[in-house]
There are 2 protein chains.
Amino acid sequence: MPIPTPAMVTTDCAVFRVSEHKLEVLLIARANAPFAGCWALPGGFLEPDETLAECAARELVEETGVVPDYLEQLASYGDPGRDPRGRTVTIAYLGLKSDTAQSLAAADDAADARWFAVSSLPSLAFDHARIIADALTRLRAKLSYSSIALKLLPAEFPLSALQNVCEAILGHPLDKRNFRKQILGLGVVEDTGRRQRLGQHRPAMLYRAATTRGIQIFR
Amino acid sequence: MPIPTPAMVTTDCAVFRVSEHKLEVLLIARANAPFAGCWALPGGFLEPDETLAECAARELVEETGVVPDYLEQLASYGDPGRDPRGRTVTIAYLGLKSDTAQSLAAADDAADARWFAVSSLPSLAFDHARIIADALTRLRAKLSYSSIALKLLPAEFPLSALQNVCEAILGHPLDKRNFRKQILGLGVVEDTGRRQRLGQHRPAMLYRAATTRGIQIFR
DNA sequence: ACAAAAGTGTTTCAAATACACCCATGT
DNA sequence: ACATGGGTGTATTTGAAACACTTTTGT
């Protein structure tokens with residue numbers, strides 16, 4: 001029986017937010033080799049006593065200061081040669097950050113941390129461009145059959161904000177009346193009774209994520 | 001900067017087939033510790049110069065002799081403590097085997113290899129019960145929006161065989177007329193012009209996977 | 001003739017789509 | 001009064017679901 005070859009295990013996070021109608025992803029400028037100075041997904045080596053998800057969240061906070069509002073495993077990438085340091089396998093996570101102002105704090109392995117519009121990404125280290133593409137595909141797909149979009153919004157939000165988020169992710173406009181009909185029909189949001197007056201126009205009703213856990217599918 | 005802790009990386013395959021209207025998964029009886037004698041998914045350690053998918057396919061063949069007709073990455077599992085030998089992370093794959101007679105050849109780390117109905121699984125090593133549950137969820141979900149079920153059939157097959165496969169995976173019967181309407185409407189299969197005479201009843205038309213690559217979604 | 005699986009259409013219902021105007025507020 | 005985004009309803013089309021009988025073969 002061959003002796004098992006150890007590999008380095010890392011996690012990487014593709015964290016998205018929607019800001020001013022644009023879908024953005026969080027990147028760091030790498031401080032160290034390999035790819036020093038290059039933009040990359042925040043991530044790092046797995047430590048002995050943490051789960052994969054804990055590692056992803058920890059590295060994200062260490063490198064960017066961003067605490068994600070949602071994190072799910074995306075996929076793993078382990079082609080030989082993806083990392084010039086040697087054999088590494090990375091477990092990639094898809095993260096979402098609700099759109100509330102928060103300063104970025106680059107630290108640790110990161111020289112800088114910035115949000116980039118997914119429509120104009122810089123060239124990326126490792127296979128991170130591929131990971132982001134896969135994350136986007138997943139995000140767009142889940143939009144239609146889950147309440148994942150709510151994670152990109154604050155606790156209370158008008159329906160127009162939810163529609164903006166969906167449009168930013170899908171990259172095309174949606175019909176307002178059909179959108180509201182569908183969202184309310186799904187029962188994933190509920191009226192708070194409160195309303196938001198903001199700007200020189202009619203105030204918007206505020207909604208929150210419904211307390212019913214998960215999506216109900218009958219039959 | 002902390003020194004990265006190496007971890008052992010393995011792959012495991014949950015390979016399914018449909019046999020006599022029952023969905024089955026391929027398991028091995030482990031020859032070595034830990035969990036010696038226990039049933040487990042076929043899998044093993046990643047070697048230096050192979051991709052994750054190559055590792056999954058290689059270990060599967062080594063341990064069971066089964067060459068899968070389809071293999072896709074499922075998810076990764078790396079909780080500390082999932083393996084008594086030390087820190088391991090496994091990349092799990094979902095595999096499918098078309099229903100053509102083939103003998104199993106237990107070898108290598110496997111004392112025995114057998115197909116088990118998913119409805120009556122033995123107790124399993126590591127977190128493999130969880131992996132199988134996740135694989136089943138994925139398989140059922142993809143049934144409705146992909147041509148994955150065709151991988152469980154030989155190259156040419158009657159529509160009734162496809163229906164049987166779908167029913168075995170979903171665990172409930174389907175309406176024959178609606179099923180055929182949907183399948184033919186999707187365009188994922190095409191008529192071969194040939195027909196299969198078998199048994200004392202009307203011969204069935206044979207179909208094959210359509211040559212059009214992928215699933216077309218318009219609009 | 002009978003057994004056994006193959007093959008075939010229509011009606012009903014639910015959901016998705018397309019589409020345009022009035023409402024409440026601030027200036 | 002007007003500018004700005006908030007909020008609402010209906011008609012049409014499309015796809016899903018329910019449902020039963022005739023056909024072709026082997027024995």
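Proteins get letters first, then strands, A, B, ... in listed order; numbering begins at 1 in each. Predicted, not measured: the structure shown is a model, and the values here were computed from it. Only heavy atoms go into these numbers, but all of them, side chains included; no hydrogens, no water, no symmetry mates.
- With sequence neighbours left out, the side chain to side chain contact (heavy atoms under 4.5 Å, CB included) criterion links A/Asp191 to A/Met205, A/Tyr207.
- A/Arg197 pairs by the salt bridge (charged side-chain N to carboxylate O under 4.0 Å, His left out) definition with nothing, not counting sequence neighbours.
- At least one side-chain nitrogen or oxygen of A/Ser160 sits closer than 4.0 Å to the OP1 or OP2 atom of D/dG6.
- Counting to the nearest Å, the C1' atom of D/dG15 and the CG atom of B/Leu184 are 16 Å from each other.
- Remark: C1' of D/dA16 and CD1 of B/Ile183 are 14 Å apart, rounded to the nearest angstrom.
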Steps toward side chain to side chain contact (heavy atoms under 4.5 Å, CB included) verdict (A/Leu152, A/Asp99): CA-CA 6 Å; A/Leu152 290 159; A/Asp99 187 23; over 6 Å; no
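- In terms of the salt bridge (charged side-chain N to carboxylate O under 4.0 Å, His left out) criterion, residue partners of A/Lys142 (sequence neighbours excluded) are, by chain and number, A/Glu72.
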Annotated protein contacts, base or backbone, on nucleotides 20-27 of chain D with a non-hydrogen cut-off under 4.0 Å, one of B, S, - each: B--BBBBS
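- Considering every non-hydrogen atom in both A/Ser19 and A/Glu24, the closest pair reads CB-OE1, 3.5 Å.
- D/dG7 atom C1' lies 13 Å from atom CG of A/Asp191, rounded to whole Å.
- With axes fitted over five pairs at each extremity, the angle between the ends of the helix from C/dA1-D/dT27 to C/dT27-D/dA1 is 10° (10° resolution).
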Counting only pairs under 3.5 Å, give me each side-chain donor-acceptor contact of residues 162-177 of chain B, with atom names and distances, residues two or more places apart or in other chains.
residue	atom	partner	partner atom	Å
B/Gln163	NE2	B/Glu167	OE2	3.1
B/Gln163	NE2	B/Leu174	O	2.9
B/Asn164	ND2	B/Ser160	O	3.4
B/Glu167	OE2	B/Leu174	N	2.8
B/Asp175	OD2	B/Arg177	N	3.1
B/Asp175	OD2	B/Asn178	N	2.8
B/Asp175	OD2	B/Asn178	ND2	3.4

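- Residue B/Leu206 is the one, among A/Gln182 and B/Leu206, whose nearest nucleotide of DNA chain C lies closer to the 5' end (criterion: closest heavy atom).
- Put simply, CZ on A/Arg180 is 8 Å from P on D/dG6, counting in whole angstrom units.
- A heavy atom closer than 4.0 Å to some atom of DNA chain C occurs in no member of residues 165-173 of chain A.
- Put simply, CZ on A/Phe157 is 14 Å from P on D/dG6, counting in whole angstrom units.
- Residues B/Thr51 and A/Pro80 are in side-chain contact: their nearest non-hydrogen atoms beyond the backbone lie under 4.5 Å apart.
- Although no hydrogens or angles enter the test, the distance criterion places a donor-acceptor pair under 3.5 Å between the side chain of B/Asp69 and the main chain of B/Ser98.
- In this structure B/Ala92 satisfies the side chain to side chain contact (heavy atoms under 4.5 Å, CB included) test together with B/Leu74, B/Tyr77, B/Ile131, sequence neighbours excluded.
- Straight-line distance from the CG atom of B/Leu198 to the P atom of C/dA5: 10 Å, rounded to whole Å.
- Atom-to-atom, CZ of B/Phe179 to C1' of C/dG9 comes out at 18 Å; the value is rounded to the nearest Å.
- At most 12 non-hydrogen atoms from other residues, nucleotides or ligands lie less than 6.0 angstrom from CZ of A/Arg130.
- For the salt bridge (charged side-chain N to carboxylate O under 4.0 Å, His left out) condition, the pairs that include at least one residue of residues 200-211 of chain A, sequence neighbours left out, are A/Glu190-A/Arg208.
- Annotation: side chain to side chain contact (heavy atoms under 4.5 Å, CB included) contacts of A/Ala133 (sequence neighbours excluded): none.
- No more than 12 heavy atoms of other residues, nucleotides or ligands lie within 6.0 Å of CZ in A/Arg194, so this atom counts as exposed by the packing criterion.
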Using a cutoff of under 3.5 Å, can you pull out all pairs of nitrogen or oxygen atoms linking the protein to nucleotides 10-13 of chain D, with atom names and distances?
residue	atom	partner	partner atom	Å
D/dT10	O4	A/Lys181	NZ	2.8

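- For B/Asp175 and C/dC13, the CG to P distance is 17 Å, given to the nearest whole Å.
- Partners of A/Phe35 under the ring pair (Phe, Tyr, Trp, His ring centres under 6.0 Å) rule, at least two apart in sequence or in another chain, are A/Phe126.
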